[in-house]
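Single-structure report; data block below.
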Amino acid sequence: MRIPYVKKHAAFSDREVTRWNDILKDWDGAEALIGPVILGVPLSKSSISHSGASFAPHAIRRMLGLYTTYHIEDEKDAADSVLLDCGDIEMHVTNILENHKRIEHAVSLLTERYEKAIPIILGGDHSISFPSISGFAKGRGRVGVIQFDAHHDLRNMEDGGPSNGTPFRNLLEHSVVEGENIIQIGIRNFSNAKAYHAYALAKGVTVYTMKQLGNRAVTDIVQESIEKLRTRVDSIYVSIDMDVLDQACAPGCPAIGPGGLHSRELLEAAALLGKEPLVGAVDIVEIDPTIDFRDMTSRIAAHIVMSFVLERL
């Protein structure tokens, strides 16, 4: 016999409220993937500094349960929509190269089999972007990248192998993406070596520093970036390293620093990118929930997901 009022999760429930985890449904493997879908990549052992970014996919999903589906400014509601969650890619305990192979294979299968799917990839450290973009390019043709980051992530491969500091170096050296089709937004002082800035420019990478962002709206620069890529690529992959944000907004990043973007600016950029049909995938990386404060950084990541997805549902 059931005991009245006793439930497994006896949390407060408001009949008028729908939260994002209410519309987040586990993918059964049979249903066609159309539009935004969630894919977790819990890898952080390739980080050059201490990182618990492997815990971030779970943390971001948990944060989706805190927020309603209603966007008051645009008067849009996702309550009647379904956001499919494909789960996480299983990681090998010790073999980083094996993990990169698994990521590339999973993303390539997803994007080749389901041409209308838009994977929202929850990392994980930034090393996942190399195999993710490599897999994405197999299914979606010539790829352009819009990267939000304080760092170039163009470190040499000799000193540490494939790490969270090398994804875009790897992409360039493996000819997955041309330098002219990579746009970096939010690059900061005292966060990069002179040699890597020179490498970026030599390869034709477009670099927007924080000083340049300070004089213009971020959304203007994002739109400019989209237009630059529009005639050059078949699809755009957006990579969001959360350390592009000021440390006041994102204390849960392993490489925090002052002088970064405000969370509002990044959310406006995410919404704009969500409106652009050419954008075919997004990753969100470099959150360590073990050092975050009240899940501040994971909360912003959840808002990025919501802001982007709302424009595609």
Side-chain angles (χ1 to χ4, degrees), residues 1-42 52-90 114 117-124 240 242 245 249-253 262-264 266-268 270-271 273-275 282-285 287-313:
M1 182 181 70
R2 297 183 65 85
I3 301 174
Y5 309 116
V6 175
K7 300 179 180 179
K8 184 177 181 180
H9 300 291
F12 172 74
S13 178
D14 185 327
R15 70 189 68 190
E16 302 293 346
V17 173
T18 303
R19 301 188 184 278
W20 279 84
N21 64 341
D22 295 324
I23 70 168
L24 189 65
K25 308 297 182 184
D26 291 340
W27 182 49
D28 60 9
E31 186 175 355
L33 297 176
I34 299 173
V37 296
I38 300 295
L39 178 65
V41 185
S54 57
F55 300 112
H58 173 72
I60 297 169
R61 289 183 177 101
R62 185 164 51 85
M63 292 303 103
L64 288 172
L66 301 181
Y67 299 102
T68 72
T69 55
Y70 181 60
H71 189 291
I72 193 169
E73 294 173 347
D74 292 343
E75 296 187 358
K76 292 181 180 179
D77 200 338
D80 295 327
S81 302
V82 174
L83 177 59
L84 291 178
D85 188 342
C86 298
D88 292 349
I89 301 173
E90 184 179 7
Y114 304 99
I118 305 168
I120 300 177
I121 301 167
L122 308 179
I240 302 175
M242 294 294 285
L245 292 169
C249 298
C253 292
H262 190 279
S263 59
R264 182 185 66 254
L266 188 55
L267 296 179
E268 290 173 352
L273 290 161
K275 296 175 182 177
V282 180
D283 72 38
I284 304 171
V285 297
I287 300 173
D288 181 350
T290 69
I291 59 172
D292 208 359
F293 177 73
R294 296 197 64 194
D295 298 307
M296 283 176 62
T297 317
S298 294
R299 289 171 188 262
I300 296 174
H303 273 77
I304 292 170
V305 174
M306 295 184 292
S307 298
F308 181 89
V309 168
L310 188 65
E311 301 297 338
R312 290 296 181 98
L313 292 178

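Being a predicted model, the structure only gives us computed values, none of them experimental.
Heavy atoms only, all atoms of each residue included: Gly52 and Asp288 are closest at N-OD2, 2.9 Å. Residues Ala56 and Gly124 approach most closely at CB-N, 4.3 Å, considering heavy atoms. Minimum heavy-atom separation, Asp88 to Pro42: CB-CD, 4.0 Å. The shortest heavy-atom contact between His71 and Asp74 is ND1-N, 3.1 Å. Minimum heavy-atom separation, Ile287 to Ala301: CD1-CB, 3.5 Å. Closest non-hydrogen pair, Leu122 versus Pro57, comes out as O-CG, 3.2 Å.
With contacts defined as side-chain heavy-atom distances shorter than 4.5 Å, the pair Leu33/Cys86 qualifies. Looking at heavy atoms from C-beta onward, Asp295 lies in side-chain contact with Arg62 at the 4.5 angstrom threshold. Considering only heavy atoms from C-beta on, Val37 stays 4.5 Å or farther from Tyr114 through its side chain. Between Lys76 and Tyr70 the shortest side-chain heavy-atom distance does not fall below 4.5 Å. Annotation: side chain of Val305 is in contact with side chain of Ile38 (closest heavy-atom distance under 4.5 Å). Using a 4.5 Å heavy-atom threshold, the side chains of Ile304 and Leu267 count as touching. Side-chain contact between Val309 and Trp20 is present, with at least one heavy-atom pair separated by less than 4.5 Å.
Taking Asp80 as the reference, nothing meets the side chain to side chain contact (heavy atoms under 4.5 Å, CB included) condition, with sequence neighbours excluded.
Panel note: side chain Lys7, backbone Pro4; no donor-acceptor pair is recorded below 3.5 Å. Side chain of His262 to main chain of Arg264: a donor-acceptor pair is present (N/O by atom type, distance under 3.5 Å, no hydrogens or angles).
Paired with Asp77 under the rule side chain to side chain contact (heavy atoms under 4.5 Å, CB included), one option of Thr18, Leu313, Thr69 passes, and it is Thr69.
Atoms CG and CG, on Leu83 and Asn21 in that order, are 11.0 Å from each other to the nearest 0.5 Å. Considering CD1 of Ile300 and OG of Ser307, their distance stands at 11.0 Å, rounded to 0.5 Å. Atom-to-atom distance recorded for Arg299:CZ and Leu64:CG is 11.5 Å, nearest 0.5 angstrom. Between atom CD1 of residue Ile60 and atom CE of residue Met242 there is a gap of 7.5 Å, rounded to the nearest 0.5 Å. Here the CG-CD1 distance, from Leu273 to Ile240, works out to 7.0 Å after rounding to the nearest 0.5 Å. In this structure, Ile284 CD1 and Ile120 CD1 are separated by 7.0 Å, a value rounded to the nearest 0.5 Å.
Atom CZ of Phe55 has 12 or fewer neighbouring heavy atoms from other residues, nucleotides or ligands inside a 6.0 Å radius.
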Exercise. Verify side chain to side chain contact (heavy atoms under 4.5 Å, CB included) between Asp292 and Ser298, making sure each step is shown before the conclusion.
Key: CA-CA 8 Å; Asp292 208 359; Ser298 294; 4.0 Å; yes
